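Working notes, structure below.
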Amino acid sequence: MAQLMYRQAVAAAIAQEIERDPTVMLIGEDVGAGGGVFKATEGLFERFGPSRIWDTPISEQAIIGTAMGAAMTGIRPVAEIMFSDFLATCWDGIANEIAKMRYMTGGQVCMPLVIRCANGGGVHFGAQHSQAVENWAMAVPGLKVVAPSTPADVKGLLAAAIRDDDPVVFFEQKELYAQTGEVPEDEYVLPLGQANVLREGADLTLVALAGTVKTALETAERLAADVGQEAEVIDLRCLVPLDVQTVKISLAKTGRLVIVEENPRPLGWGAELTSILVEEAFDSLDAPIIRVTTEPIPLPSSPTLERLARPGVERTLEAIRRL
Amino acid sequence: MAQLMYRQAVAAAIAQEIERDPTVMLIGEDVGAGGGVFKATEGLFERFGPSRIWDTPISEQAIIGTAMGAAMTGIRPVAEIMFSDFLATCWDGIANEIAKMRYMTGGQVCMPLVIRCANGGGVHFGAQHSQAVENWAMAVPGLKVVAPSTPADVKGLLAAAIRDDDPVVFFEQKELYAQTGEVPEDEYVLPLGQANVLREGADLTLVALAGTVKTALETAERLAADVGQEAEVIDLRCLVPLDVQTVKISLAKTGRLVIVEENPRPLGWGAELTSILVEEAFDSLDAPIIRVTTEPIPLPSSPTLERLARPGVERTLEAIRRL
Amino acid sequence: MVQQARSATDIGVPDPEGIYREMLRLRHFEEKAYELFLDGHVNGTMHLGVGQEAVAAGAAATLRPDDCTLGTYRGHNHVIARGAALDASFGELFGREIGLCKGKGGSMHLTSVEHGHYGSYAIVGAHLPIACGTAWSAKLRGADSVTLCFFGDGTTNIGAFHEALNLAAVWKLPVVFICENNLYMEFTPIGEVTAVPRPAADRASAYGLKPIVIDGNDVEVVYAGIAEAVDRARRGEGPSLIEALTYRHKGHSRTDPARYRPEGELEDWMTRDPITRFVQRLQEAGWNASDLERIEREVIEEVGAAAERALASPPPPESELFTDVYCAGETSWRS
Amino acid sequence: MVQQARSATDIGVPDPEGIYREMLRLRHFEEKAYELFLDGHVNGTMHLGVGQEAVAAGAAATLRPDDCTLGTYRGHNHVIARGAALDASFGELFGREIGLCKGKGGSMHLTSVEHGHYGSYAIVGAHLPIACGTAWSAKLRGADSVTLCFFGDGTTNIGAFHEALNLAAVWKLPVVFICENNLYMEFTPIGEVTAVPRPAADRASAYGLKPIVIDGNDVEVVYAGIAEAVDRARRGEGPSLIEALTYRHKGHSRTDPARYRPEGELEDWMTRDPITRFVQRLQEAGWNASDLERIEREVIEEVGAAAERALASPPPPESELFTDVYCAGETSWRS
Ligand SMILES: Cc1ncc(C[n+]2csc(CCOP(=O)(O)OP(=O)(O)O)c2C)c(N)n1
Ligand SMILES: Cc1ncc(C[n+]2csc(CCOP(=O)(O)OP(=O)(O)O)c2C)c(N)n1
Ligand SMILES: [Mg+2]
Ligand SMILES: [Mg+2]
């Protein structure tokens, strides 16, 4: 085990896969000599050189299209779109081309590529650099969607995403880049689509993803300390494939469920999870499923306002009181 | 009253507003001399000429940006993006600029513009020309979202959208363009955000939008004929503002609710509606809320498969049986 | 500069009969497709390439099997010229099991990876960056295969065009961008919405490329022009942008009557029909009319039989609905 | 062609003292902002325009109050040059109530519609089409106001650039696109990712426009070059694209140490600092040093006092969270 920062785990996963598979390539703006604006690819250019690490112009459509053309013809590109907000600048390539090509051609192509991006708020970057848009990707059939909450998960899930034969949008939590954690030094790959039960509890279930996992865990501790209730905390890790089963099992036990998600309302991922549970586990529900989300507004840059807008421990506790 | 086709109602609304307000402009590809690929703007160029009707190059980003710049400075543009699928080619302008500018500037600008597009399947155009993506727009705070189901609603709601000071994405149902209906000949404007109860019933509630309204109504008739159950049918008409109140009142009466939506799973608009109702009307629920959606796949072009993929009367009846 | 065809006796393509037959196959495929569209057999929409056959046939003749091509919704010509079976091509238009894409793609998405044709794309401009990717891939894999990317004049005004051309030039990618300038984007004359007279060639210098305009209705000129660019690309000398002047005889799509055309324009271009011209060239070079007619009869028969086979194919089985979304073989969005 | 400044005696700007003072205000605003960033008062990120003052100040001097400007995240210079208050500008960086955008925008989105500045945009290229819109609007309203749109060299490779330039040219819009070529897109030298040596000027002909390159560190040259383009636009003669050569003294953002610069490059450009050069010009023209120094002291005081006022302003009230999403004044997504 090594102590790595979340961002170093990104580089570690890419390095592991580049070494293992000669077809893995990294492509993006300033991912090479610059090491990435978040330093998430630092050291890779020095180690693997320009034949594996490709700096591009500011041309998100070209980055995504190039990754797609390469993926169809034997390469496994890892494309960086610097901020997840910028997925909008190449959304056609992602949602209409990459996600659909396999189906439209009756399975003539595979699309083994990863689109990495920095997602979420908390760093006061304002409305165009702080969005949590994992719901945008989840809404497009044909994409897989991953959003890890720890350095170890970053390494294991990014490696899995690179090896996966389907296109994966990989959301790195901006706010967590500097967070450290234990990461296996040896080859490390996790399966996609397996939620992680991070804390057991019988009184209620908290479902979280990426940046809200910490919020859910803190809330659970507060809850235990304040009112002696034990919350089960589930880190979904992936939105597609969505591990409904793990959530259902927990709900069957607790009967009460709160979702903590960073997507703004309306239509964050918690809405689909709620809908599935209502359809398929209605009898398990002892109380309404409550969602704690970012407010339905563009994210303000002022820290005072940004804090209010995002889901936090206080708002989660308040939601639990409403159960 | 006049008998108009859905597409003629589009032109009628634009004509009404162009005549009323000298700042209303239509802009898009082939909207002018060509009359629009769906003939939805036919006759406008002949009537109002090139000073009000602006043909553009194939430059969706330029269309949307131009509309935005004009909207901030005293114009009310109606921008056509031919197929809603193509919103992806200018999603940055829509989701990151238009939707956020008012907020980011602390209210220094208004954004009175409409983005019209042809939405939905049923015409065998394949995966890139058949999507129902009203959920994409609903997921972006700052946008309003309208999707009419009848020629009269087209006229009234499009007029309202043009007069509204906020940006509105207006989804025209491709499949309905040739459908006729009574449309008021005089000035006609409907309020945004008011659902329409199209059929009363005490046994269950069917919620629909745009193309699925017909499906819901047919299902209700079948249900009445087959098993004597009376379904209340609600046409939401708008997703933002979302008329939750009308749905809640119906649910309080019927206790059972099925949503018929054309968005593919996951994360169609019905997910948010479900989540709101679960949070706020849990005690009204005598049964799970079931969603009938397009299957979670890109839309196939073969009519045989396309029919199976989209929500229809049979699948809706089957969902009702599961209540 | 519109180049002229070469001298009258030697035909400037390697296999004149093959090229002739290919252009006829494209032409008769489209005519038959139109006929069957009117009869209700084609689902959705359809965009014909009648009149533009010289570009697809001439271009395909410059390629090796391992080269890649990408085209548009007006893409029947291109996939067939690469070798896709006619019955499977028809079948895709009709939404049948026999279809190139099992009926899931439709007229706008004909694809035959088996023949190096990596797709027909229906969102204008989208495939230009993708062509950069197939070209980049060849470079990465150390293969000397080349990518050809076909698109229309209207496509030169969309952002993806710009990003793709710049990246291709910066990375010296083995890709040839071929703009089929048929004068119209849908119903609008291209000149009305473009800042320069030659929508592609007048942009070449923005990417450090040479402006190249060729007569797209002269298959020998097409062959020569594209072969040169393909050779350059194969030698590692980077991308080219070629503007081929041509014309579509039919409307934009479906049954568009094309009323926006000035009077006499179609008639004028009919005199420059690429097939008629090539027939003249062949006859001048000594081919005899009865042979040429026999070939055409053979092609008509081939096309007709292919259409019959496609019409006889059943619709895709219902079980196909959920396959091909993810590699695992079903809609595995839930685990 | 890099043009040279005009003769030594008459200063080529209408109000030399005003221009001098403006450039100093921009410079000292940025220096102060940097100092306060290091002290933790600036939230999020920040991109400084130190070294590029001549472009913003020279350009603003060519405009009328009813003209529109649009800039980028590196946009402090531009909004201040249009007349935005220094305290409100600082306040926005600090996320305070006094901020130009009530603290909701932040450093990257400084906007002052009151002064004709229609926003700072943080997604590269996004505002070029928007500038077409403000220009189109003027045309539609029969106003003869002009739009100026500022952006960087790296922005010339994104699709929105292409679409905006073409539309502006086709519709002959009264807009002047000003590329501030400061040699870098973030950490990458622009030449490494661009197919032509001059990222903007070498693309002008793709839109039927004249290539224009000016010395962006000579405020007189900037003024003259932009004034000519603004006049053209105002006369209805359409858009221009101007490439102004300049340099940012600081890193790309925040505390970027800019290690990617070759040795000596910064020092070289410091000798061409736009303010130092203008001071020399003024002195050659007879201005005396003590006056110039007095003006600078006044400006430093003005900037310092403005920063103090901003720091004294409270954060926005919590009630601001939900305002300004929709015109109705709350988050009216539900009715
Ligand atoms: C991004 C996008 N915008 C608009 C359309 C609608 N559309 C389909 S074909 C076409 C015209 C394309 O013209 P051109 O590139 O000249 O090709 P041609 O049809 O003449 O072969 C348009 C506007 C589209 N498919 N994609
Ligand atoms: C679409 C998009 N891609 C990437 C970025 C990240 N980014 C911010 S500034 C920048 C460099 C811009 O370079 P240039 O246009 O030369 O402007 P400069 O910063 O030099 O003023 C990049 C890549 C962005 N903001 N938007
Ligand atoms: Mg064309
Ligand atoms: Mg720069």
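Just so we're on the same page: letters track the sequence lines, and every chain starts at 1. This is a predicted model, so every value here is computed, not measured.
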Exercise. Are S84(A) and N119(A) linked by a side-chain donor-acceptor pair shorter than 3.5 Å?
Worked result: yes
Exercise. Based on non-hydrogen pairs under 4.5 Å, which of V109(A), I75(A), N96(A) is most in contact with chain C?
Worked result: I75(A)
For this session: Measure D92(A) against the heavy atoms of chain C and call it side chain, backbone, both or neither at under 4.5 Å.
Result: side chain
Problem set entry | The single option from Y121(C), F150(C), Y73(C) passing ring pair (Phe, Tyr, Trp, His ring centres under 6.0 Å) against H127(C) | Y121(C)
For this session: Please flag which part of M101(A) lies under 4.5 Å from any non-hydrogen atom of chain C: side chain, backbone, both or neither.
Result: side chain
Exercise. Under 3.5 Å, side chain of E180(C) to main-chain N/O of G152(C), donor-acceptor pair present?
Worked result: no
Exercise. Is there a side-chain hydrogen bond (donor to acceptor under 3.5 Å, both in side chains) between T323(C) and E320(C) once you walk through the steps?
Worked result: CA-CA 5 Å; T323(C) 61; E320(C) 277 296 335; 2.6 Å; yes
Seminar exercise, completed: In V230(C), D144(C), V146(C), the residue satisfying side chain to side chain contact (heavy atoms under 4.5 Å, CB included) with R64(C) is D144(C)
Problem set entry | side-chain hydrogen bond (donor to acceptor under 3.5 Å, both in side chains) between R96(C) and N43(C), worked out | CA-CA 10 Å; R96(C) 306 301 173 93; N43(C) 306 114; 5.9 Å; no
For this session: Establish, from distance only, whether the side-chain atoms of H115(C) and T69(C) form a donor-acceptor pair under 3.5 Å.
Result: no
Exercise. Checking I64(A) against chain C: side chain, backbone, both or neither under 4.5 Å from a heavy atom?
Worked result: neither
Problem set entry | Most chain C-contacting option - heavy-atom pairs closer than 4.5 Å, from L242(A), L239(A), V145(A) | L242(A)
Problem set entry | Which atoms of K144(A) approach chain C - backbone, side chain, both or neither, heavy atom under 4.5 Å | both
Exercise. Considering only heavy atoms, which portion of D243(A) lies under 4.5 Å from any heavy atom of chain C: side chain, backbone, both, or neither?
Worked result: both
For this session: Could you look at Q108(A) and say if it's the side chain, the backbone, both or neither that has a heavy atom under 4.5 Å from chain C?
Result: both
Problem set entry | Option that, when pairs with chain C are counted at under 4.5 Å, heavy atom only, ranks first among T73(A), I58(A), V240(A) | T73(A)
For this session: Heavy atoms only, distances under 4.5 angstrom: which of E60(A), K100(A), E97(A) has the most pairs with chain C? Name it, please.
Result: E97(A)
Exercise. Can R291(A) and T274(A) be counted as having a side-chain donor-acceptor contact under 3.5 angstrom?
Worked result: no
Seminar exercise, completed: Max heavy-atom pairs within cutoff under 4.5 Å with chain C, candidates G107(A), P167(A), A70(A), goes to A70(A)
For this session: Hey, can you tell me if F90(C) and F94(C) have their rings parallel, tilted or perpendicular (30° and 60° cut-offs)?
Result: parallel
Exercise. What part of I27(A) gets closer than 4.5 Å to chain C, counting heavy atoms only: side chain, backbone, both or neither?
Worked result: side chain
For this session: Examine the side chains of T105(A) and T111(C) and answer whether a donor and an acceptor come within less than 3.5 Å of each other.
Result: no
Exercise. Do you know which of A126(C), C101(C), A168(C), G119(C) has the most heavy-atom pairs under 4.5 Å to chain A?
Worked result: C101(C)
Problem set entry | Engaged part of S51(A) at the chain C interface, taking heavy atoms whose separation is under 4.5 Å | backbone
Problem set entry | Residue V170(C) versus chain A: region with a heavy atom under 4.5 Å | neither
Seminar exercise, completed: Highest number of heavy-atom pairs under 4.5 Å with chain C among D165(A), T246(A), V244(A) belongs to V244(A)
